[in-house]
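To find a chain, count down the sequence lines: A is the first, B the second, and so on, and within it residues start at 1. None of the values given here were measured: they were computed from a predicted structure.
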Amino acid sequence: MELNKNFEHQPAEQKWYSHWMHKQYFKSIPDGREPYTIVMPPPNVTGVLHMGHCLNNTIQDILVRRARMTGKNACWVPGTDHASIATEAKVVAMLRERGITKSSLSRDEFLSYAWEWKEKYGGIILQQLKKLGCSLDWDRTSFTMDKGYYDSVIKIFVSLYNKGVIYRGKRMINWDVKALTALSDEEVIRKETRQKLYHLKYSIEGTKDFIIIATVRPETIMGDTAICVHPEDERYKHLHGKFAFVPLINRRIPIIADDYVTMDFGSGALKVTPAHDINDYTLGQKHHLEVIDVFNDNGTISEAAQIYVGMERFEVRKKIAIELEEKGILLKTEEYTSEVGYSERTDVVVEPRLSLQWWLSMKDISSPALKAVMEEEIKFYPSKFKNVYRHWMENIKDWCISRQLWWGHRIPAWFDINGKFVVAENEAAAVAQFEKEHGITNANLKQDEDCLDTWFSSWLWPFEVFKGYSQPNNEEIKYYYPTNTLVTAPEIIFFWVARMIMAGFEYMDAKPFQEVYFTGIVRDKQGRKMSKSLGNSPDLLALIDLYGADATRFGIMIASPAGNDILFDESALEQGRNFNNKIWNALKLIKMWEGRQAETDADESSFAIDWFGNRLNEVSLEVESMMQQFRLSEALKTVYSLIWDDFCSWYLEWIKPGFEQPINTAVYNKTIGYFTELMQLLHPFMPFVSEEIYHLLQETNEDLCVRQFKTAITPDKTLLEKGLLLKNTISGLRDVRNKQQLKPKESIRLFIQTENKEVFQSIESILSKQINAILIDFTSENVANSFTTVIGKDKFYVVSEQPVDTANQKSDLEKELTHLKGFLLTVEKKLNNEKFVQNAKPEVLGMEQKKKADAETKIKVIEESLANLVN
RNA sequence: GGGAGCAUAGCUCAGCUGGUUUAGAGCAUCUGCCUUACAAGCAGAGGGUCCGCGGUUCGAACCCGUGUGCUCCCA
């Protein structure tokens with residue numbers, strides 16, 4: 001069979017993905033096996049695949065594929081999130097392009113556009129995950145606004161309302177003036193922002209005096225309803241209880257005292273604007289101040305402000321500053337940097353605003369969720385996130401769950417014209433409920449216009465994808481729940497992870513997952529977070545096309561320990577592609593032997609075969625343990641090095657027959673077996689190339705994708721050590737050849753001075769092949785005209801046609817001698833320390849004694865060599 | 001302002017219970033090789049004040065304190 005020069009990823013990816021699908025390997029139905037379940041964090045329905053998804057889903061696929069190969073019934077559930085704000089924003093933008101404004105549409109009209117958009121573009125991301133090789137059970141694809149899921153969200157709202165956990169309340173919220181909706185605290189991004197601090201004069205009633213106020217928001221002065229000073233501030237004690245006038249509009253406001261004020265910030269006097277600042281609001285409530293809202297929903301100035309009505313807030317900031325300056329009220333401005341909140345979705349400055357919203361009381365519902373993580377009923381990897389989690393859960397605030405949007409789950413509250421309301425699953429139930437609660441029959445009710453926060457639906461994800469709430473105790477929920485592993489970004493630990501845990505305990509009476517693996521954040525080479533605005537996010541599909549899905553998976557996994565950010569570097573993908581090529585070439589080599597087998601003497605290769613078999617067992621066990629600890633990056637590195645170094649660089653070279661010579665059939669078959677096992681180990685990480693090679697190695701109807709791992713046995717330590725000795729000896733002697741500037745084709749004669757003659761005899765044939773020696777013999781004394789080297793405790797004399805470079809050799813030996821003597825000194829220092837001998841554990845003591853003996857032997861051997869050199 | 005974390009080779013990171021040959025790997029670098037699987041390769045080599053200072057200990061990259069620098073979260 002003629003093989004291509006390089007592995008061609010594109011045809012292999014297409015062929016194997018559709019083959020796996022055809023065989024329904026990813027499909028899971030409950031059976032007698034132990035389940036292994038992962039629910040995918042649902043991406044936004046309008047999203048496209050980016051680096052974060054790539055990392056996250058590669059990790060999940062590795063875990064799922066490995067589980068599938070170890071006897072588990074693996075079930076990985078895909079799906080998408082309706083993402084109310086993000087999706088609605090996209091639909092609004094799309095409509096704007098067509099010349100349609102949202103306000104000109106009815107709710108139903110808008111929603112039909114939104115659904116049309118969702119059907120057209122929704123779920124592109126799921127198709128992209130197939131390119132990456134993700135082994136998802138596609139029949140289970142869920143969407144947070146599927147009919148059944150939608151109904152469950154509504155029912156849960158009603159249930160929580162009836163339990164008294166959901167309430168309606170006027171609170172200070174974060175208002176997005178562009179999206180025209182409330183935002184939860186988590187949706188607000190704080191950024192250091194350069195601002196100006198304006199110092200303004202407020203005149204004091206009945207005097208010619210004035211008080212100076214420093215503010216970054218002069219456009220809100222029309223909403224001022226007090227001035228506050230610190231009660232102990234000597235500068236202002238005479239003003240307590242007096243009144244001042246708001247500049248420009250001359251409204252009379254009291255001067256109050258409260259120790260909330262920081263005396264040494266600005267002038268020490270604070271303007272209190274309860275409608276537009278959370279702290280001022282609290283202060284206002286304490287002192288019973290009036291609340292004057294000077295903004296409209298969209299961030300323009302309202303009638304209540306009296307001036308600048310209808311103008312945009314930041315425009316007004318500039319204009320009012322000019323007016324205040326002209327009128328002599330603005331004393332000075334300073335540069336000032338502070339943190340300002342921006343909307344995560346629209347990136348506009350968030351306006352604190354008093355608003356009537358729906359709230360979920362978090363205190364009771366959160367306590368089992370906190371306990372479960374603290375007591376490791378749910379384990380976090382890495383565990384440092386436990387602290388973060390605890391800190392948030394212990395200071396948890398009520399959750400604002402209403403959003404002024406249409407795309408989402410509409411709040412099931414029904415109002416009459418007088419503002420009386422009931423909460424019910426549907427209109428008919430509401431009418432009945434209204435009669436019960438308010439004594440009014442056949443009331444004319446209108447449903448709340450608002451939607452629920454997206455996370456109020458996705459917190460049900462781990463059980464509702466199995467209909468655990470809508471069809472309690474069904475076969476699937478009983479089998480798959482609690483799920484096994486959640487793989488997610490630490491950014492959404494509060495948004496989503498914490499709330500899923502709460503919902504799990506509240507509605508399933510059990511945790512939603514056993515363990516959470518937090519991935520890192522993908523950053524670019526300079527350590528910047530990848531984002532659209534920076535344009536530093538590479539086109540993932542282009543990368544997959546170029547390097548292949550396996551190489552992409554390799555590149556993103558090779559340097560990404562759990563919870564650490566990963567610096568994305570395209571050269572890692574290149575390394576992955578080179579790895580593919582390496583494996584491919586190993587296959588080509590073996591394929592060359594396919595038709596060139598004979599019943600020759602296999603003794604020469606027996607050591608290689610025994611050694612590699614043991615090495616394979618050793619690494620299999622290591623990988624298993626790393627996988628259990630979620631050390632995926634290290635596991636991949638280990639497999640990489642097993643294949644590249646141990647298999648290709650050592651094993652294959654050791655068994656390789658001479659030019660055009662046949663290979664022993666038994667050795668050949670053994671090698672095919674080893675290669676197969678290597679591909680199996682690699683498969684979870686790089687599924688396509690491994691499946692392709694598996695099928696090319698030998699004709700089979702089985703697929704690697706579902707091949708079960710055999711149990712690794714404990715390796716033979718002496719054999720492994722012998723392998724190590726062989727490797728070290730070969731490297732050491734190759735170094736001698738290099739230093740002697742011997743060409744590969746120039747052969748040498750080798751004399752070994754050792755106490756372990758039998759060991760070297762058993763590896764002699766491999767050794768001679770690897771260092772191109774025409775003769776290997778043993779000696780008990782110095783060999784004349786040779787280049788001497790000491791490897792471990794053994795001495796090697798290399799005889800070649802080249803003249804021996806004594807000076808070079810001498811300096812090498814001296815360097816080694818200095819090192820050893822220094823080393824011996826530290827060991828002796830320890831051993832001569834009485835306290836060490838008394839306190840150290842016996843095995844440590846023994847080790848030190850062995851170190852000393854070894855070093856002394858080596859020193860002796862080197863000194864002898866040096867003495868011989870002088871002669 | 002409050003809290004958490006990080007600092008080890010040029011880069012990315014291991015180093016898990018303090019002792020495992022005076023610190024390991026991959027990538028990059030350098031030297032030599034187009035050796036009949038692979039130049040996307042082979043063989044070999046060099047490269048370190050384990051951030052600074054102080055302490056605990058027979059013994060510290062690891063534990064404690066402190067300083068510096070960076071990152072993240074919360075207000």
Side-chain angles (χ1 to χ4, degrees), chain A residues 3 5-7 185-186 190 262 278-279 339 341 382 384-392 395 397 490-491 493-494 521 523 525 527 529 547 551 558-561 563-569 571-572 574-593 629 631 633-634 636-638 640-641 644-645 648-649 652-653 656 658-660 730-739 741-745 770-772 792 819-827 829-841 843-845 847-848 850-855 858:
Chain A
L3 290 171
K5 186 173 188 309
N6 294 324
F7 171 61
D185 289 345
E186 288 78 12
R190 279 161 215 287
T262 316
I278 181 79
N279 297 311
E339 287 196 330
K384 66 177 177 188
F385 288 109
K386 268 172 76 178
N387 280 334
V388 181
Y389 180 83
R390 188 187 59 215
H391 193 255
W392 189 75
N395 297 290
K397 283 184 272 169
E491 301 160 296
I493 186 168
F494 309 129
I521 295 167
R523 299 175 179 278
K525 252 172 130 175
K529 198 168 158 177
Y547 294 100
I558 196 64
S560 62
N564 276 13
D565 289 359
I566 89 155
L567 298 188
F568 179 77
D569 187 347
S571 72
E574 211 174 307
Q575 196 189 341
R577 182 204 54 188
N578 295 354
F579 185 35
N580 271 341
N581 190 42
K582 184 72 187 178
I583 302 169
W584 186 254
N585 275 291
L587 174 78
K588 272 166 70 184
L589 175 66
I590 291 168
K591 281 284 147 185
M592 277 174 50
W593 302 336
Q629 298 166 69
R631 300 163 77 144
S633 198
E634 271 175 83
L636 175 57
K637 261 182 216 164
T638 307
Y640 171 81
S641 150
W644 197 306
D645 301 329
C648 294
S649 299
L652 289 179
E653 294 299 332
K656 200 186 215 171
F659 183 53
E660 293 197 332
I730 292 168
S731 295
L733 292 169
R734 278 176 176 165
D735 186 29
V736 170
R737 293 187 57 110
N738 252 357
K739 279 179 181 143
Q741 297 187 308
L742 289 169
K743 292 255 150 45
K745 280 181 179 151
Q770 291 281 279
I771 59 167
N772 191 13
H819 174 259
L820 277 169
K821 281 187 168 166
F823 174 69
L824 183 63
L825 214 66
T826 61
V827 178
K829 221 169 105 186
K830 260 190 200 177
L831 286 169
N832 292 337
N833 183 332
E834 260 178 58
K835 286 190 176 170
F836 170 73
V837 179
Q838 277 166 22
N839 294 323
K841 283 179 240 160
E843 59 266 32
V844 174
L845 197 63
M847 200 103 66
E848 293 300 317
K850 186 171 180 299
K851 277 195 217 169
K852 185 179 174 215
D854 284 359
K858 284 185 202 167

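- Considering only side-chain N and O atoms, Y640(A) lies under 4.0 angstrom from the phosphate OP1 or OP2 of rC27(B).
- Residue contacts for K656(A): at a heavy-atom cut-off of 4.0 Å it reaches a base atom on one of the strands shown.
- At whole-Å resolution of the value, CG in N395(A) and P in rG2(B) are 15 Å apart.
- rG3(B) and rA23(B) have their C1' atoms separated by 34 Å, with the value rounded to a whole Å.
- Rounded to an integer number of Å, the gap from NZ of K835(A) to P of rC58(B) is 5 Å.
- Looking only at distances, a side-chain donor or acceptor of N585(A) sits under 3.5 Å from a matching main-chain atom of N581(A).
- Nearest nucleotide to the P744(A) side chain, out of rA37(B), rA39(B), rU35(B): rU35(B).
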Practice prompt. Mind running side chain to side chain contact (heavy atoms under 4.5 Å, CB included) on I583(A) and F7(A) for me, showing each step along the way?
Written response: CA-CA 9 Å; I583(A) 302 169; F7(A) 171 61; over 6 Å; no
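- Between K851(A) and E848(A), at least one side-chain nitrogen of the basic residue sits less than 4.0 Å from a carboxylate oxygen of the acidic one, meeting the salt-bridge criterion.
- Shortest non-hydrogen contact noted between N772(A) and P744(A) is ND2-O, 2.9 Å.
- With both pairing distances under 3.5 Å, rC13(B) is matched to rG24(B) as a Watson-Crick or G-U wobble pair.
- As judged by a 4.0 angstrom heavy-atom cut-off over every strand, R737(A) is placed among residues making no nucleic acid contact.
- Within the 4.0 angstrom heavy-atom criterion, base atoms lie near N6(A).
- For N578(A) and rG41(B), the shortest distance from a side-chain N or O to OP1 or OP2 is below 4.0 Å.
- K588(A) approaches K5(A) most closely through the heavy-atom pair NZ-O, 3.3 Å.
- A salt bridge is defined here as a Lys NZ or Arg NE, NH1 or NH2 lying under 4.0 Å from an Asp or Glu carboxylate O, and D854(A) with K858(A) fails to meet this definition.
- For M592(A) and rA37(B), the CE to P distance is 4 Å, given to the nearest whole Å.
- Note: NZ (K591(A)) to C1' (rC38(B)) measures 17 Å, nearest angstrom.
- Heavy atoms of N581(A) sit under 4.0 angstrom from at least one base atom.
- The CD1 atom of I558(A) sits 13 Å away from the P atom of rA14(B) (whole-angstrom rounding).
- rU35(B) and rC42(B) have their C1' atoms separated by 8 Å, with the value rounded to a whole Å.
- Rounded to whole Å, atom P of rA60(B) lies 11 Å from atom CG of N833(A).
- For K386(A), the NZ atom sits in a packed shell: over 12 heavy atoms of surrounding residues, nucleotides or ligands are nearer than 6.0 Å.
- Side chain Q770(A) to base rA43(B): no donor-acceptor pair is found below 3.5 Å.
- Taking 4.0 angstrom as the limit, R577(A) places none of its side-chain polar atoms (N or O) nearer than this to OP1 or OP2 of rA40(B).
- Side-chain N/O atoms of S731(A) include one lying less than 4.0 angstrom from OP1 or OP2 on rG44(B).
- Applying the 4.0 Å criterion to OP1 and OP2 of rC42(B), one finds that W644(A) has a side-chain N or O inside that range.
- Distance CZ (R734(A)) to P (rC33(B)): 17 Å, rounded to an integer number of Å.
- Considering only side-chain N and O atoms, S633(A) lies nowhere under 4.0 angstrom from the phosphate OP1 or OP2 of rC13(B).
- Of the candidates rA37(B), rA14(B), rG26(B), the closest approach to any side-chain atom of E634(A) belongs to rA14(B).
- Without hydrogens or angle criteria, T638(A) side chain to E634(A) main chain gives a donor-acceptor distance under 3.5 Å.
- Here, rG44(B) and rG52(B) have their P atoms 34 Å apart, quoted to the whole Å.
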For nucleotides 18-22 of chain B, give me every protein contact, N/O to N/O, under 3.5 Å, one pair per line with atom names.
unit_1  : atom_1 : unit_2  : atom_2 : d
rU21(B) : N3     : D854(A) : OD2    : 3.4
rU21(B) : O4     : K850(A) : NZ     : 3.1
rU21(B) : O4     : D854(A) : OD2    : 2.7
rU22(B) : O4     : H819(A) : O      : 2.7

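- Residue side chain K582(A) reaches the base of rC38(B) through a donor-acceptor N/O pair under 3.5 Å, judged by distance alone.
- Closest approach to the K637(A) side chain among rG44(B), rC13(B), rC58(B) is made by rC13(B) (side chain taken as heavy atoms from C-beta onward).
- Between the P atoms of rC64(B) and rA28(B), the separation comes to 38 Å (whole Å).
- Atom CD of Q575(A) and atom P of rU12(B) are 15 Å apart (whole Å).
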